Amino acid sequence: MDDFSDRIIDWQRRHGRHTLPWQNTHDPYRIWLSEIMLQQTQVATVIPYYERFLQRFPTIVDLARAPEEDVMALWAGLGYYSRARNLHACARRVDTEWNGRFPPDAAAIAELPGIGRSTAAAIAAFAYGERSPILDGNVKRVFARYFGIEGDPTKRPVEMRMWALAETHLPPPGPDAADAMRSYTQGLMDLGATLCTRGNPDCGVCPVRAGCVALREARQHELPTPRERKAVPERRTGMLVIEKAGEILLQRRPSPGIWGGLWSLPEFPGDDAAAACLTLGVTAAAAARLPTFSHGFTHFKLHIEPWHVQAGALALRDDGVPQIWLPAGELEGAALPAPVKKLLQGLFRRGELL
DNA sequence: AAAGCGGGGAT
DNA sequence: ATCCCAGCTTT
(Lines give C-alpha, C1' and ligand atoms only; values in the text may rest on other atoms or scores of the structure.)
Protein backbone atom coordinates (compact mmCIF):
# COMPACT_ATOMS: atom_id res chain seq x y z
CA MET A 1 0.00 0.00 0.00
CA ASP A 2 1.33 3.36 -0.98
CA ASP A 3 0.80 6.20 1.41
CA PHE A 4 1.80 8.82 -1.16
CA SER A 5 -0.66 7.88 -3.89
CA ASP A 6 -3.47 7.26 -1.36
CA ARG A 7 -3.13 10.75 -0.01
CA ILE A 8 -2.95 12.33 -3.45
CA ILE A 9 -6.06 10.43 -4.56
CA ASP A 10 -8.02 11.29 -1.42
CA TRP A 11 -7.07 14.94 -1.70
CA GLN A 12 -7.96 15.11 -5.38
CA ARG A 13 -11.38 13.59 -4.80
CA ARG A 14 -12.22 16.05 -2.04
CA HIS A 15 -10.48 19.23 -3.16
CA GLY A 16 -9.52 18.80 -6.79
CA ARG A 17 -11.38 20.04 -9.84
CA HIS A 18 -14.02 17.80 -11.38
CA THR A 19 -16.07 20.04 -13.63
CA LEU A 20 -13.68 21.06 -16.37
CA PRO A 21 -15.15 20.35 -19.82
CA TRP A 22 -12.67 17.56 -20.59
CA GLN A 23 -13.17 15.81 -17.25
CA ASN A 24 -16.65 14.53 -18.05
CA THR A 25 -15.46 12.18 -20.75
CA HIS A 26 -13.19 9.23 -21.36
CA ASP A 27 -12.99 10.03 -25.06
CA PRO A 28 -9.26 10.01 -25.88
CA TYR A 29 -9.81 12.55 -28.66
CA ARG A 30 -11.21 15.14 -26.25
CA ILE A 31 -8.61 14.38 -23.61
CA TRP A 32 -5.77 14.63 -26.12
CA LEU A 33 -7.11 17.94 -27.44
CA SER A 34 -7.28 19.37 -23.92
CA GLU A 35 -3.80 18.10 -22.99
CA ILE A 36 -2.20 19.66 -26.04
CA MET A 37 -3.92 22.99 -25.42
CA LEU A 38 -3.11 22.91 -21.70
CA GLN A 39 0.59 22.29 -22.36
CA GLN A 40 1.04 25.92 -23.08
CA THR A 41 -1.98 27.84 -21.87
CA GLN A 42 -3.93 28.19 -18.70
CA VAL A 43 -7.32 26.62 -18.14
CA ALA A 44 -9.41 29.77 -18.42
CA THR A 45 -7.94 30.61 -21.82
CA VAL A 46 -8.21 27.06 -23.11
CA ILE A 47 -11.92 26.47 -22.40
CA PRO A 48 -13.41 28.62 -25.20
CA TYR A 49 -10.87 27.26 -27.72
CA TYR A 50 -11.56 23.72 -26.63
CA GLU A 51 -15.28 24.14 -27.11
CA ARG A 52 -14.92 25.81 -30.49
CA PHE A 53 -12.68 22.98 -31.68
CA LEU A 54 -15.19 20.36 -30.59
CA GLN A 55 -18.05 22.17 -32.28
CA ARG A 56 -16.15 22.50 -35.51
CA PHE A 57 -14.47 19.07 -35.31
CA PRO A 58 -16.71 16.71 -33.30
CA THR A 59 -14.43 13.73 -34.01
CA ILE A 60 -10.76 13.29 -34.70
CA VAL A 61 -11.63 12.29 -38.25
CA ASP A 62 -13.36 15.63 -38.83
CA LEU A 63 -10.17 17.29 -37.62
CA ALA A 64 -7.96 15.05 -39.75
CA ARG A 65 -9.88 15.83 -42.95
CA ALA A 66 -10.15 19.59 -42.43
CA PRO A 67 -7.80 21.90 -44.37
CA GLU A 68 -4.79 22.87 -42.33
CA GLU A 69 -5.65 26.55 -42.62
CA ASP A 70 -8.99 25.91 -40.89
CA VAL A 71 -7.17 24.29 -38.00
CA MET A 72 -4.66 27.13 -37.81
CA ALA A 73 -7.44 29.71 -37.90
CA LEU A 74 -9.23 28.09 -34.96
CA TRP A 75 -5.95 27.89 -33.06
CA ALA A 76 -5.11 31.56 -33.71
CA GLY A 77 -4.46 33.32 -30.41
CA LEU A 78 -3.26 30.25 -28.49
CA GLY A 79 0.38 30.61 -29.58
CA TYR A 80 2.97 27.89 -30.25
CA TYR A 81 1.64 27.30 -33.74
CA SER A 82 3.97 24.40 -34.47
CA ARG A 83 1.86 22.48 -31.97
CA ALA A 84 -1.26 23.23 -33.97
CA ARG A 85 0.46 21.75 -37.02
CA ASN A 86 1.42 18.71 -34.96
CA LEU A 87 -2.17 18.46 -33.77
CA HIS A 88 -3.38 18.26 -37.33
CA ALA A 89 -0.63 15.83 -38.36
CA CYS A 90 -1.48 13.65 -35.38
CA ALA A 91 -5.18 13.59 -36.29
CA ARG A 92 -4.33 12.53 -39.82
CA ARG A 93 -2.15 9.68 -38.60
CA VAL A 94 -4.84 8.46 -36.24
CA ASP A 95 -7.28 8.61 -39.16
CA THR A 96 -5.12 6.74 -41.65
CA GLU A 97 -3.01 4.45 -39.46
CA TRP A 98 -5.45 3.68 -36.65
CA ASN A 99 -8.74 3.88 -38.49
CA GLY A 100 -9.76 7.02 -36.67
CA ARG A 101 -9.40 5.47 -33.19
CA PHE A 102 -6.71 6.59 -30.79
CA PRO A 103 -4.02 3.92 -30.18
CA PRO A 104 -4.84 1.63 -27.25
CA ASP A 105 -1.93 2.34 -24.92
CA ALA A 106 0.53 5.02 -23.85
CA ALA A 107 3.49 3.51 -25.68
CA ALA A 108 1.70 3.65 -29.03
CA ILE A 109 0.23 7.09 -28.29
CA ALA A 110 3.72 8.45 -27.64
CA GLU A 111 4.71 7.61 -31.22
CA LEU A 112 2.32 10.25 -32.56
CA PRO A 113 3.50 13.75 -33.46
CA GLY A 114 3.32 16.37 -30.71
CA ILE A 115 2.94 13.74 -27.99
CA GLY A 116 5.84 12.74 -25.74
CA ARG A 117 6.03 10.22 -22.94
CA SER A 118 4.32 12.34 -20.29
CA THR A 119 1.45 13.59 -22.43
CA ALA A 120 0.90 10.06 -23.75
CA ALA A 121 0.67 8.74 -20.20
CA ALA A 122 -1.81 11.44 -19.22
CA ILE A 123 -4.05 10.60 -22.17
CA ALA A 124 -3.86 6.86 -21.44
CA ALA A 125 -4.55 7.40 -17.75
CA PHE A 126 -7.58 9.63 -18.26
CA ALA A 127 -9.01 7.78 -21.25
CA TYR A 128 -8.26 4.16 -20.36
CA GLY A 129 -7.24 4.24 -16.71
CA GLU A 130 -3.86 2.87 -17.80
CA ARG A 131 -1.25 2.53 -15.08
CA SER A 132 1.35 4.75 -16.69
CA PRO A 133 3.10 7.67 -14.97
CA ILE A 134 3.22 11.32 -16.02
CA LEU A 135 6.24 13.56 -15.39
CA ASP A 136 5.64 17.15 -16.40
CA GLY A 137 7.11 20.30 -14.88
CA ASN A 138 4.60 20.34 -12.03
CA VAL A 139 5.27 16.73 -11.10
CA LYS A 140 9.03 17.27 -11.21
CA ARG A 141 8.65 20.08 -8.71
CA VAL A 142 6.48 17.96 -6.39
CA PHE A 143 8.90 15.01 -6.57
CA ALA A 144 12.02 17.14 -6.06
CA ARG A 145 10.51 18.49 -2.86
CA TYR A 146 8.71 15.43 -1.53
CA PHE A 147 11.63 13.05 -2.12
CA GLY A 148 14.32 15.68 -1.52
CA ILE A 149 15.94 15.20 -4.92
CA GLU A 150 18.80 17.54 -5.72
CA GLY A 151 19.99 18.54 -9.14
CA ASP A 152 18.49 20.08 -12.24
CA PRO A 153 15.41 17.99 -13.15
CA THR A 154 15.85 18.75 -16.83
CA LYS A 155 19.17 16.87 -16.73
CA ARG A 156 19.25 13.29 -17.78
CA PRO A 157 20.29 11.54 -14.50
CA VAL A 158 17.84 13.46 -12.35
CA GLU A 159 15.02 12.97 -14.81
CA MET A 160 15.71 9.22 -14.93
CA ARG A 161 15.50 9.00 -11.14
CA MET A 162 12.21 10.84 -11.26
CA TRP A 163 10.74 8.53 -13.90
CA ALA A 164 11.75 5.60 -11.70
CA LEU A 165 10.04 7.19 -8.68
CA ALA A 166 7.01 7.95 -10.80
CA GLU A 167 6.73 4.26 -11.69
CA THR A 168 7.31 3.12 -8.12
CA HIS A 169 4.70 5.34 -6.54
CA LEU A 170 1.87 4.70 -8.95
CA PRO A 171 -1.33 3.50 -7.28
CA PRO A 172 -1.14 -0.29 -6.97
CA PRO A 173 -2.86 -2.56 -9.49
CA GLY A 174 -6.24 -3.89 -8.50
CA PRO A 175 -9.96 -3.68 -9.20
CA ASP A 176 -10.07 0.09 -8.64
CA ALA A 177 -6.82 0.84 -10.40
CA ALA A 178 -8.39 2.64 -13.37
CA ASP A 179 -10.32 5.09 -11.21
CA ALA A 180 -7.32 5.44 -8.92
CA MET A 181 -5.10 6.30 -11.88
CA ARG A 182 -7.48 8.99 -13.06
CA SER A 183 -7.65 10.62 -9.63
CA TYR A 184 -3.94 10.20 -8.99
CA THR A 185 -2.86 11.68 -12.31
CA GLN A 186 -5.23 14.62 -11.96
CA GLY A 187 -4.21 15.01 -8.31
CA LEU A 188 -0.50 15.27 -9.11
CA MET A 189 -1.25 17.94 -11.71
CA ASP A 190 -3.56 19.86 -9.38
CA LEU A 191 -1.11 19.68 -6.48
CA GLY A 192 1.74 21.13 -8.52
CA ALA A 193 -0.46 23.79 -10.06
CA THR A 194 -2.27 24.99 -6.92
CA LEU A 195 -0.34 24.09 -3.73
CA CYS A 196 3.20 23.05 -4.54
CA THR A 197 3.87 26.13 -6.63
CA ARG A 198 7.27 27.48 -7.56
CA GLY A 199 7.45 30.68 -5.57
CA ASN A 200 5.03 30.22 -2.70
CA PRO A 201 4.14 26.63 -1.78
CA ASP A 202 1.17 26.27 0.58
CA CYS A 203 2.69 23.48 2.65
CA GLY A 204 0.27 23.89 5.57
CA VAL A 205 -2.61 22.30 3.68
CA CYS A 206 -0.62 19.88 1.51
CA PRO A 207 -1.94 16.30 1.62
CA VAL A 208 1.59 14.87 1.62
CA ARG A 209 3.23 17.32 4.03
CA ALA A 210 3.86 14.54 6.59
CA GLY A 211 6.33 12.79 4.30
CA CYS A 212 7.83 15.76 2.49
CA VAL A 213 11.63 15.92 2.76
CA ALA A 214 11.82 19.56 1.65
CA LEU A 215 9.29 20.67 4.27
CA ARG A 216 10.99 18.69 7.04
CA GLU A 217 14.32 20.32 6.20
CA ALA A 218 12.78 23.72 5.38
CA ARG A 219 14.20 23.58 1.88
CA GLN A 220 10.98 24.15 -0.10
CA HIS A 221 12.52 27.25 -1.62
CA GLU A 222 15.77 25.55 -2.65
CA LEU A 223 14.09 22.66 -4.45
CA PRO A 224 13.90 21.84 -7.24
CA THR A 225 17.48 22.92 -7.94
CA PRO A 226 17.31 25.71 -10.52
CA ARG A 227 18.78 24.84 -13.84
CA GLU A 228 22.31 26.08 -14.29
CA ARG A 229 22.06 29.38 -16.01
CA LYS A 230 24.34 28.98 -18.94
CA ALA A 231 26.47 31.96 -19.75
CA VAL A 232 24.64 33.54 -22.65
CA PRO A 233 26.81 34.69 -25.52
CA GLU A 234 27.34 38.43 -25.65
CA ARG A 235 27.35 40.71 -28.65
CA ARG A 236 27.89 44.39 -29.13
CA THR A 237 26.54 46.83 -31.64
CA GLY A 238 26.80 50.53 -32.33
CA MET A 239 23.51 52.42 -32.59
CA LEU A 240 22.96 55.79 -34.18
CA VAL A 241 20.65 58.43 -32.76
CA ILE A 242 20.75 60.69 -35.82
CA GLU A 243 18.95 63.93 -35.18
CA LYS A 244 17.84 66.49 -37.72
CA ALA A 245 15.49 69.33 -36.86
CA GLY A 246 14.10 67.52 -33.82
CA GLU A 247 13.49 64.29 -35.71
CA ILE A 248 15.19 60.90 -35.33
CA LEU A 249 16.10 58.59 -38.20
CA LEU A 250 14.55 55.12 -37.83
CA GLN A 251 14.85 51.97 -39.94
CA ARG A 252 12.42 49.09 -40.16
CA ARG A 253 13.83 45.82 -38.82
CA PRO A 254 13.64 42.88 -41.21
CA SER A 255 11.06 40.24 -40.40
CA PRO A 256 11.53 37.53 -39.33
CA GLY A 257 14.34 38.32 -36.91
CA ILE A 258 15.05 40.11 -33.68
CA TRP A 259 12.57 42.95 -33.30
CA GLY A 260 11.17 41.97 -36.71
CA GLY A 261 8.84 44.61 -38.14
CA LEU A 262 9.57 47.18 -35.44
CA TRP A 263 11.18 50.56 -36.11
CA SER A 264 14.64 50.86 -34.60
CA LEU A 265 17.83 52.91 -34.74
CA PRO A 266 20.39 52.24 -37.46
CA GLU A 267 23.11 49.88 -36.25
CA PHE A 268 26.75 49.57 -37.25
CA PRO A 269 29.48 47.06 -36.40
CA GLY A 270 32.58 49.10 -35.45
CA ASP A 271 33.04 52.24 -33.41
CA ASP A 272 33.31 54.84 -36.14
CA ALA A 273 29.93 56.55 -35.97
CA ALA A 274 30.80 59.24 -38.50
CA ALA A 275 31.81 56.64 -41.11
CA ALA A 276 28.61 54.66 -40.39
CA CYS A 277 26.60 57.85 -40.99
CA LEU A 278 28.28 58.37 -44.33
CA THR A 279 27.20 54.93 -45.54
CA LEU A 280 23.64 56.03 -44.80
CA GLY A 281 24.16 59.29 -46.71
CA VAL A 282 24.38 61.47 -43.60
CA THR A 283 27.24 63.87 -42.88
CA ALA A 284 27.75 64.06 -39.13
CA ALA A 285 28.08 67.67 -37.95
CA ALA A 286 28.78 66.37 -34.44
CA ALA A 287 28.92 62.91 -32.87
CA ALA A 288 29.02 62.07 -29.15
CA ARG A 289 29.22 58.74 -27.35
CA LEU A 290 26.26 58.01 -25.07
CA PRO A 291 26.53 55.58 -22.16
CA THR A 292 26.63 51.89 -23.13
CA PHE A 293 23.73 49.78 -21.89
CA SER A 294 22.76 46.14 -22.17
CA HIS A 295 19.66 44.25 -23.15
CA GLY A 296 19.04 40.56 -22.47
CA PHE A 297 17.38 38.26 -24.99
CA THR A 298 16.57 34.60 -24.50
CA HIS A 299 19.72 33.40 -26.23
CA PHE A 300 22.20 36.27 -25.96
CA LYS A 301 23.00 39.55 -24.29
CA LEU A 302 23.38 42.63 -26.42
CA HIS A 303 25.65 45.52 -25.37
CA ILE A 304 24.43 48.64 -27.12
CA GLU A 305 26.85 51.51 -27.71
CA PRO A 306 24.74 54.47 -28.74
CA TRP A 307 26.00 57.61 -30.46
CA HIS A 308 24.22 60.92 -30.65
CA VAL A 309 24.74 62.51 -34.07
CA GLN A 310 23.68 65.91 -35.32
CA ALA A 311 23.08 65.52 -39.02
CA GLY A 312 24.65 67.98 -41.41
CA ALA A 313 24.31 67.49 -45.14
CA LEU A 314 21.76 64.81 -46.07
CA ALA A 315 21.52 62.53 -49.07
CA LEU A 316 19.87 59.39 -47.68
CA ARG A 317 20.71 56.25 -49.63
CA ASP A 318 17.86 54.01 -50.65
CA ASP A 319 19.23 50.55 -49.96
CA GLY A 320 15.80 48.96 -49.65
CA VAL A 321 15.53 49.36 -45.88
CA PRO A 322 12.41 51.44 -45.07
CA GLN A 323 13.36 54.63 -43.24
CA ILE A 324 11.38 57.35 -41.48
CA TRP A 325 12.11 60.50 -39.55
CA LEU A 326 10.28 60.35 -36.23
CA PRO A 327 9.51 63.64 -34.45
CA ALA A 328 10.89 63.34 -30.93
CA GLY A 329 7.47 64.23 -29.55
CA GLU A 330 5.92 61.11 -31.10
CA LEU A 331 8.16 58.62 -29.31
CA GLU A 332 5.39 57.51 -26.98
CA GLY A 333 3.19 55.82 -29.55
CA ALA A 334 5.91 54.47 -31.85
CA ALA A 335 6.47 50.73 -32.35
CA LEU A 336 10.03 50.63 -31.04
CA PRO A 337 11.89 47.86 -29.19
CA ALA A 338 11.64 48.48 -25.44
CA PRO A 339 15.34 49.30 -24.87
CA VAL A 340 15.43 51.66 -27.85
CA LYS A 341 12.33 53.48 -26.68
CA LYS A 342 13.85 53.77 -23.22
CA LEU A 343 17.07 55.21 -24.59
CA LEU A 344 15.29 57.82 -26.70
CA GLN A 345 12.81 58.80 -24.01
CA GLY A 346 15.67 59.24 -21.55
CA LEU A 347 17.41 61.63 -23.96
CA PHE A 348 14.18 63.46 -24.65
CA ARG A 349 13.34 63.98 -20.99
CA ARG A 350 16.80 65.23 -20.15
CA GLY A 351 16.44 67.78 -22.92
CA GLU A 352 19.29 66.29 -24.96
CA LEU A 353 16.89 65.76 -27.82
CA LEU A 354 15.36 68.83 -29.33
C1' DA B 1 13.10 41.25 -16.70
C1' DA B 2 14.05 36.52 -15.67
C1' DA B 3 12.79 31.78 -15.32
C1' DG B 4 9.96 27.88 -16.78
C1' DC B 5 8.22 24.67 -20.13
C1' DG B 6 7.28 19.37 -23.23
C1' DG B 7 8.43 18.03 -27.56
C1' DG B 8 10.96 18.55 -31.95
C1' DG B 9 14.99 19.05 -34.30
C1' DA B 10 19.78 19.31 -34.51
C1' DT B 11 24.04 17.13 -33.62
C1' DA C 1 20.99 8.76 -28.34
C1' DT C 2 21.56 13.28 -26.25
C1' DC C 3 21.42 18.18 -25.93
C1' DC C 4 19.36 22.62 -27.01
C1' DC C 5 16.01 25.67 -28.65
C1' DA C 6 11.49 28.52 -29.93
C1' DG C 7 8.17 31.13 -28.46
C1' DC C 8 5.14 32.23 -25.11
C1' DT C 9 3.72 32.69 -20.01
C1' DT C 10 4.10 33.72 -15.10
C1' DT C 11 6.47 35.72 -11.29
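These figures come from a predicted structure and were not determined experimentally. Lettering of chains follows the sequences in order, A, B, ..., and the numbering in each one begins at 1.
- Between A:Lys155 atom NZ and C:dT2 atom P there is a gap of 13 Å when expressed in whole angstrom units.
- Summarising the geometry, the separation between CZ on A:Arg227 and P on B:dA3 is reported as 10 Å, rounded to the nearest angstrom.
- Scanning for ring pair (Phe, Tyr, Trp, His ring centres under 6.0 Å) contacts around A:Phe147 gives A:Phe4, A:Phe143, A:His169, with sequence neighbours left out.
- Residue A:Phe293 contributes atom CZ, which lies 15 Å from atom C1' of B:dA1 at whole-angstrom precision.
- Rounded to whole angstrom, the span from the CG atom of A:Leu223 across to the P atom of B:dG4 amounts to 13 Å.
- At whole-Å resolution of the value, NZ in A:Lys341 and P in B:dA1 are 13 Å apart.
- In this structure, CG of A:Leu38 is placed 18 Å from P of C:dC8, rounded to the nearest angstrom.
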Open item on the list: Please determine whether side chain to side chain contact (heavy atoms under 4.5 Å, CB included) holds for the pair A:His26 and A:Arg182, giving the CA-CA distance in whole Å, both sets of side-chain angles, and the decisive distance to 0.1 Å.
Closed with: CA-CA 10 Å; A:His26 290 170; A:Arg182 294 189 169 98; 3.3 Å; yes
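- Of the residues in residues 133-142 of chain A, those with a non-hydrogen atom less than 4.0 angstrom from any atom of DNA chain B are A:Asp136, A:Gly137, A:Arg141.
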I'd like a list of close polar pairs between nucleotides 8-11 of chain B and the protein, N/O only, cut-off under 3.5 Å.
from  : atom 1 : to       : atom 2 : distance (Å)
B:dG8 : OP1    : A:Gly114 : N      : 2.2

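- If you measure from atom CD of A:Glu159 to atom C1' of B:dC5, you get 12 Å, rounded to the nearest angstrom.
- With rounding to whole Å, A:Tyr81 atom OH is found 6 Å from C:dC8 atom P.
- Inspection of the A:His308 and A:Glu352 side chains reveals no N or O donor paired with an N or O acceptor under 3.5 Å.
- Applying the side chain to side chain contact (heavy atoms under 4.5 Å, CB included) criterion to A:Ala273, with sequence neighbours excluded, gives A:Leu240, A:Phe268, A:Trp307.
- Shown here are the side chain to side chain contact (heavy atoms under 4.5 Å, CB included) partners of A:Val213, two or more places apart in sequence or in another chain: A:Arg216, A:Glu217, A:Arg219.
- Residue A:Leu278 is found outside any hydrophobic cluster, as its side-chain heavy atoms come under 4.5 Å of no other Ile, Leu, Val, Met, Phe, Trp or Tyr.
- Among the heavy atoms of the strands, none lies under 4.0 Å from A:Thr154.
- The salt bridge (charged side-chain N to carboxylate O under 4.0 Å, His left out) pairs that include a residue from residues 55-64 of chain A are A:Arg56-A:Asp70, where partners are two or more places apart or lie in different chains.
- Residue pairs meeting the side-chain hydrogen bond (donor to acceptor under 3.5 Å, both in side chains) criterion with at least one member in residues 193-209 of chain A, sequence neighbours excluded, do not occur.
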Every protein N/O within reach of nucleotides 9-11 of chain C N/O, cut-off under 3.5 Å:
from   : atom 1 : to      : atom 2 : distance (Å)
C:dT10 : OP1    : A:Gln42 : OE1    : 2.4
C:dT10 : OP1    : A:Gln42 : NE2    : 2.7

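- Residues passing the side chain to side chain contact (heavy atoms under 4.5 Å, CB included) test with A:Asp272 are A:Ala274, A:Ala275, sequence neighbours excluded.
- Residue pairs that meet the salt bridge (charged side-chain N to carboxylate O under 4.0 Å, His left out) test with at least one member in residues 36-50 of chain A, sequence neighbours left out, do not exist here.
- Applying the side-chain hydrogen bond (donor to acceptor under 3.5 Å, both in side chains) criterion to A:Arg85, with sequence neighbours excluded, gives no partner residue.
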